Amino acid sequence: MKIVFWGASRGCGTTSNMTAAAGFLALVMNHRGICLQPKAAIGDLESFFVPVEKRSVLREESTYYALEGMDYLIWQEQHHRLDAAAMKESLVSLMDHRLYYLPGGAREKPGLYPAQTGELQRRILDRMEEYAELLFIDIGSGRDEFSYSLLQRADVVVVNFSGEQRELEQFFCSQIPCHGKVLYLLANYSAEQVYNCENLQRIYRMDPGSICCIPTNPHFAQACMRGRVEQYMKTCCRYKGSSQRNEQFWMGLRTLATLILEAGAHE
């Protein structure tokens with residue numbers, strides 16, 4: 001099942017929300033999943049799982065032997081060499097081998113890719129579905145042709161909001177082109193904010209079963225910044241009742257994970 005996370009605006013927590021949902025489904029619900037960002041997205045997923053002290057200070061600039069992650073798979077698919085072994089060696093294991101992520105790679109210059117890179121990545125994503133129950137794809141807030149093509153091919157689209165009036169009005173006036181089930185997620189949610197789940201349901205006539213929220217959690221935000229998401233989520237899973245903040249955060253993730261599974265089951 002392809003689950004695409006898309007942001008109605010920049011900076012609304014799309015990557016962190018996807019990471020949290022995927023981690024919960026792996027740790028608590030025992031689903032095997034893969035997280036990734038296509039080359040067109042902002043490549044910050046890897047930094048969530050690699051502690052600051054372990055990140056390389058100097059990045060290798062070679063365009064040949066330093067290929068990794070999505071860069072390597074694009075090259076393999078371009079030369080008709082992509083197989084299960086290449087897929088497996090490119091993935092990094094997380095959450096006790098129940099969740100994996102695909103590094104984006106350091107080959108950022110557009111000129112280094114063939115014109116058909118978007119189609120190559122779409123074929124790679126189709127192949128990846130064979131190796132996991134859930135394929136989580138973060139496309140940021142992209143509004144380009146490639147992003148729209150992924151939205152149209154997704155089984156479930158999770159639209160992320162920051163909860164600002166202008167963002168909401170622009171989204172519901174324009175909509176996005178997708179054929180799968182659409183869920184709505186309010187990130188960094190506060191009970192005091194005006195645009196809460198109840199008001200959105202009333203104003204925009206939304207199905208109550210299509211919207212949920214994840215409460216603001218500075219501890220999780222700090223874990224994302226320091227590259228310790230895996231460690232935080234394992235600790236939160238083990239001691240989720242140790243604080244009211246963690247309990248509310250965990251309940252929000254449970255609701256989101258349940259909605260994703262239910263939406264996928266109806267597709």
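Model, not experiment: these values are computed from the prediction.
- A side-chain donor-acceptor contact under 3.5 Å links Asn17 to the backbone of Gly13.
- Note that CZ of Phe49 and CZ of Arg228 are 14.0 Å apart. Values are rounded to the nearest 0.5 Å.
- Between Tyr184 and Phe171, the two ring planes are perpendicular [angle over 60°; tilted spans 30° to 60°].
- Every salt bridge (charged side-chain N to carboxylate O under 4.0 Å, His left out) that Glu129 has, sequence neighbours left out, goes to Lys2.
- The distance from atom NZ of Lys234 to atom CG of Leu27, rounded to the nearest 0.5 Å, is 7.0 Å.
- A donor-acceptor pair under 3.5 Å links the side-chain atoms of Gln121 to the main chain of Lys39, judged by distance alone.
- Of all the heavy atoms in Leu150 and Pro38, the pair that sits closest is CD1-CG, 3.8 Å.
- A salt bridge is absent between Glu169 and Arg166; no separation between the charged side-chain nitrogens and carboxylate oxygens falls under 4.0 Å.
- For the residue pair Asp138 / Thr14, no side-chain donor-acceptor distance below 3.5 Å is found, with atom types taken as modelled.
- Side-chain atoms of Glu68 do not come within 3.5 Å of backbone N or O of Gly105 as any donor-acceptor pair.
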Next item on the list: Starting from the C-alpha separation in whole Å, work towards a yes-or-no answer on side chain to side chain donor-acceptor pair (under 3.5 Å) for Gln76 and Tyr72.
Entry: CA-CA 6 Å; Gln76 293 280 34; Tyr72 177 65; 2.5 Å; yes
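- The distance from atom NZ of Lys181 to atom CD1 of Ile260, rounded to the nearest 0.5 Å, is 12.5 Å.
- Leu253 approaches Ala21 most closely through the heavy-atom pair CD2-N, 4.1 Å.
- What you find for Ala8 and Arg143 is that their closest heavy atoms are O-NH2, 3.4 Å.
- In plain terms, the two heavy atoms of Gly7 and Cys12 that are nearest each other are CA-SG, 3.6 Å.
- The distance from atom CD1 of Ile211 to atom CG of Leu186, rounded to the nearest 0.5 Å, is 5.0 Å.
- Going from atom CG of Leu45 over to atom OH of Tyr101 covers 7.5 Å, rounded to the nearest 0.5 Å.
- Nearest heavy atoms, Ala22 versus Leu99: CB-CD1, 3.9 Å.
- Counting only distance, with no hydrogens or angles, the side chain of Trp6 and the backbone of Gly142 share a donor-acceptor pair below 3.5 Å.
- One distance of note links CG of Asn196 with CG of Asn199; it measures 4.0 Å at 0.5 Å rounding.
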